[in-house]
There are 2 protein chains.
Amino acid sequence: MAKRASFGRGRPINKVLRLHGSIARDLGIAIVSGRYQPGDLLTGEVASSEKLEVSRTAYREAVRILAAKGLVESKPKVGTKISPRSKWNLLDPDVLAWTFANEPDLDLLQSLFELRDIVEAAAAAMAAKRRTPEHLEAMRDAIDRMARFTLATEAGRLGDQDFHRWLLEASGNPYIISLTTGVQAAVNTTTMFKQRERPLPRDPVPDHIAVFEAVAAGDPDRAHSEMSTLVHLALQDTPLPRARAKRSAG
Amino acid sequence: MAKRASFGRGRPINKVLRLHGSIARDLGIAIVSGRYQPGDLLTGEVASSEKLEVSRTAYREAVRILAAKGLVESKPKVGTKISPRSKWNLLDPDVLAWTFANEPDLDLLQSLFELRDIVEAAAAAMAAKRRTPEHLEAMRDAIDRMARFTLATEAGRLGDQDFHRWLLEASGNPYIISLTTGVQAAVNTTTMFKQRERPLPRDPVPDHIAVFEAVAAGDPDRAHSEMSTLVHLALQDTPLPRARAKRSAG
DNA sequence: ACAGCCAAATTCCTCAGACAAATGTTCTAC
DNA sequence: GTAGAACATTTGTCTGAGGAATTTGGCTGT
């Protein structure tokens with residue numbers, strides 16, 4: 001039998017999960033997808049670990065992960081309870097990935113792009129004011145690779161990611177960097193394999209160049225609006241779950 | 001006597017931490033404050049748990065919490081390594097609290113307010129377009145309480161928080177809500193006890209009313225700019241580390 | 001009948017020790 | 001010199017036990 005590691009094509013997007021990680025992922029998906037409702041109690045540690053056929057240690061570490069992301073809360077004598085949605089760390093990279101793991105909620109996806117629009121456009125404007133020559137050089141090189149290899153190749157996608165990474169770096173705000181990279185990672189991994197089949201509907205290079213030139217020119221307003229259009233185009237190119245009416249969870 | 005209607009929730013700012021939670025907090029503070037550097041290896045589980053005089057179970061659960069927030073990464077035969085800053089979930093509420101637990105870094109605080117400015121102003125603009133009469137009623141009531149009791153009292157501060165909470169609610173974007181409430185909670189808890197002694201330097205009610213009226217009028221642009229000034233005023237009123245008084249001291 | 005205190009039951013929390021799995025390192029064969 | 005095997009080390013998982021915290025119910029005094 002061949003190894004099942006056939007996924008790992010050099011990129012560390014698929015990190016091998018330990019047992020506690022798998023349990024946390026499964027439970028996390030069950031929670032964010034609504035199979036457990038806020039206020040519900042998970043069955044006790046002993047019962048849960050027995051049902052999953054794992055040790056209490058592994059199960060407890062999984063619960064600890066979920067608690068760290070605000071999804072659950074454990075107290076003696078009461079049990080482990082699903083927290084209200086207002087306490088969830090919705091922007092945690094794992095929570096984002098779990099949220100969009102299966103059938104992405106259309107409203108949620110739109111809200112996410114709304115946030116991306118706001119934050120990334122602002123980041124571009126800040127980058128226009130703070131970028132150094134080194135930043136510009138790295139961004140130019142990234143666009144070069146993107147144009148040379150196209151997004152159909154690994155190298156091309158890497159150029160795309162590098163462009164955005166350097167743009168964020170140029171914004172100089174670590175919180176914006178942390179927020180955006182996490183969101184982008186989740187969006188990429190969840191939408192990438194979907195648009196694997198069909199060719200990209202549009203050439204993204206000119207739009208990136210427009211952002212770059214605005215940043216290079218030190219024009220915050222233009223950088224803002226150009227990045228905003230870039231995000232809107234990304235939303236348009238995102239394959240939406242049009243199968244909503246057809247498929248039903250079985 | 002009717003029960004307390006508004007948000008029912010008291011203030012959970014002081015949550016009792018279990019052993020693993022305390023260890024995670026201590027280690028987390030040590031990491032975000034730079035006492036451990038990215039790339040550093042923590043001493044092995046057995047040695048660490050012995051030095052802390054706790055069981056390996058408790059220590060491992062603490063590490064699991066830190067790993068869930070992106071601060072560390074564990075691999076067999078290698079150990080538990082401090083992750084590069086780019087992987088930290090800087091906007092995780094706990095990480096934020098740990099970051100500003102002791103001596104808040106001035107640059108980081110400024111970056112945080114920069115993000116608040118961007119996101120909360122956008123949220124106010126969205127709220128101006130999407131608010132319902134119920135939202136407006138709740139916000140009006142919150143401002144009322146804020147004006148009646150002043151921010152020197154618990155009830156007044158609750159009104160302030162309720163105002164912002166309802167404004168975010170009116171924005172209708174769960175990601176913006178999650179982001180902002182987490183940031184606000186961290187900023188509040190870290191700056192609140194500092195400005196307890198001195199009286200507030202300025203009456204915040206008129207500024208809040210300005211935001212409210214713009215939202216009520218359905219004017220996104222005005223709501224945007226009024227909220228922006230509100231955030232800037234909040235930054236001005238934030239007691240900064242007085243060590244900056246003499247800038248070029250040494 | 002009711003408020004406040006006390007005891008009991010339940011659940012998570014912590015501990016200790018052992019073995020298994022994974023991974024980096026070293027050694028060996030060719 | 002390189003590829004593969006053996007080894008050592010560290011985290012990962014399991015098991016069993018007891019302790020700690022919190023809710024629940026009952027008891028007591030008024």
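Letters A, B, ... are given to chains in the order of the sequence lines, protein chains preceding strands, and every chain is numbered from 1.
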Of the nucleotides [options], which one has an atom closest to the side chain of [X]?
X       : options                : value
A:Lys77 : C:dC12, C:dA9, D:dT13  : C:dA9
A:Thr57 : C:dC13, D:dC14, C:dT14 : D:dC14
B:Val78 : C:dG24, C:dC12, D:dT13 : C:dG24
A:Ala58 : C:dA16, D:dG12, D:dC14 : D:dC14
B:Glu45 : C:dC12, D:dG12, D:dT23 : D:dG12
A:Leu19 : D:dT22, D:dT13, C:dC13 : D:dT13

Self-check item: Heavy-atom check, side chain of B:Thr150 versus side chain of B:Thr153, under 4.5 Å
Solution: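 They are in contact (side-chain heavy atoms under 4.5 Å apart), so the answer is yes.
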Quiz item: Just wondering, are more than 12 heavy atoms of other shown residues or ligands nearer than 6.0 Å to CZ in B:Arg25?
Solution: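 Yes, CZ of B:Arg25 has more than 12 neighbouring heavy atoms, counting only those of other groups under 6.0 Å.
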Quiz item: Is atom CZ of A:Arg145 surrounded by more than 12 heavy atoms (other residues, nucleotides or ligands) closer than 6.0 Å?
Solution: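 For A:Arg145, atom CZ is crowded (more than 12 foreign heavy atoms under 6.0 Å).
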[atom1] of [X] versus [atom2] of [N]: gap in Å, rounded?
X       : N      : atom1 : atom2 : result
B:Ile23 : C:dC13 : CD1   : C1'   : 12 Å
A:Arg18 : D:dT10 : CZ    : P     : 16 Å
A:Ile65 : D:dG12 : CD1   : P     : 10 Å
B:Lys81 : C:dG24 : NZ    : C1'   : 11 Å
B:Glu53 : C:dA16 : CD    : C1'   : 15 Å
B:Glu73 : C:dA22 : CD    : C1'   : 15 Å
A:Leu17 : D:dT11 : CG    : C1'   : 15 Å
B:Glu61 : D:dT11 : CD    : P     : 16 Å

Quiz item: Using 4.0 Å as the upper bound for N to carboxylate O, is an ion pair formed by A:Arg157 and A:Glu154?
Solution: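 Between A:Arg157 and A:Glu154 there is a salt bridge, with a charged N closer than 4.0 Å to a carboxylate O.
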Quiz item: Which is true for B:Val54 with a 4.0 Å heavy-atom rule: it touches a base, it touches only sugar-phosphate, or it touches nothing?
Solution: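 Sugar-phosphate contact only.
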Practice problem: Under 4.0 Å between any heavy atoms, over every strand shown, what does B:Ser74 touch: base, sugar-phosphate, or nothing? Just pick one. | Solution: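 Contact class for B:Ser74: sugar-phosphate only.
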Quiz item: Is any side-chain N or O of B:Ser55 closer than 4.0 Å to OP1 or OP2 of C:dC15?
Solution: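 Indeed, a polar side-chain atom of B:Ser55 lies that close.
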Quiz item: Would one find a side-chain N or O of B:Arg60 under 4.0 angstrom from OP1 or OP2 of D:dT11?
Solution: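 So the side chain of B:Arg60 is outside the cut-off, no N or O lying under 4.0 Å from OP1 or OP2 of D:dT11.
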Quiz item: Taking atom types as modelled, is there a side-chain donor on A:Tyr175 or B:Ser111 under 3.5 Å from an acceptor on the other?
Solution: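 Absent: no donor and acceptor within the cut-off.
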Practice problem: Please confirm whether any donor atom in the side chain of B:Arg56 sits under 3.5 Å from an acceptor in the base of D:dG12, or the reverse. | Solution: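 When only heavy-atom distances are counted, B:Arg56 does reach the base of D:dG12 through a donor-acceptor pair under 3.5 Å.
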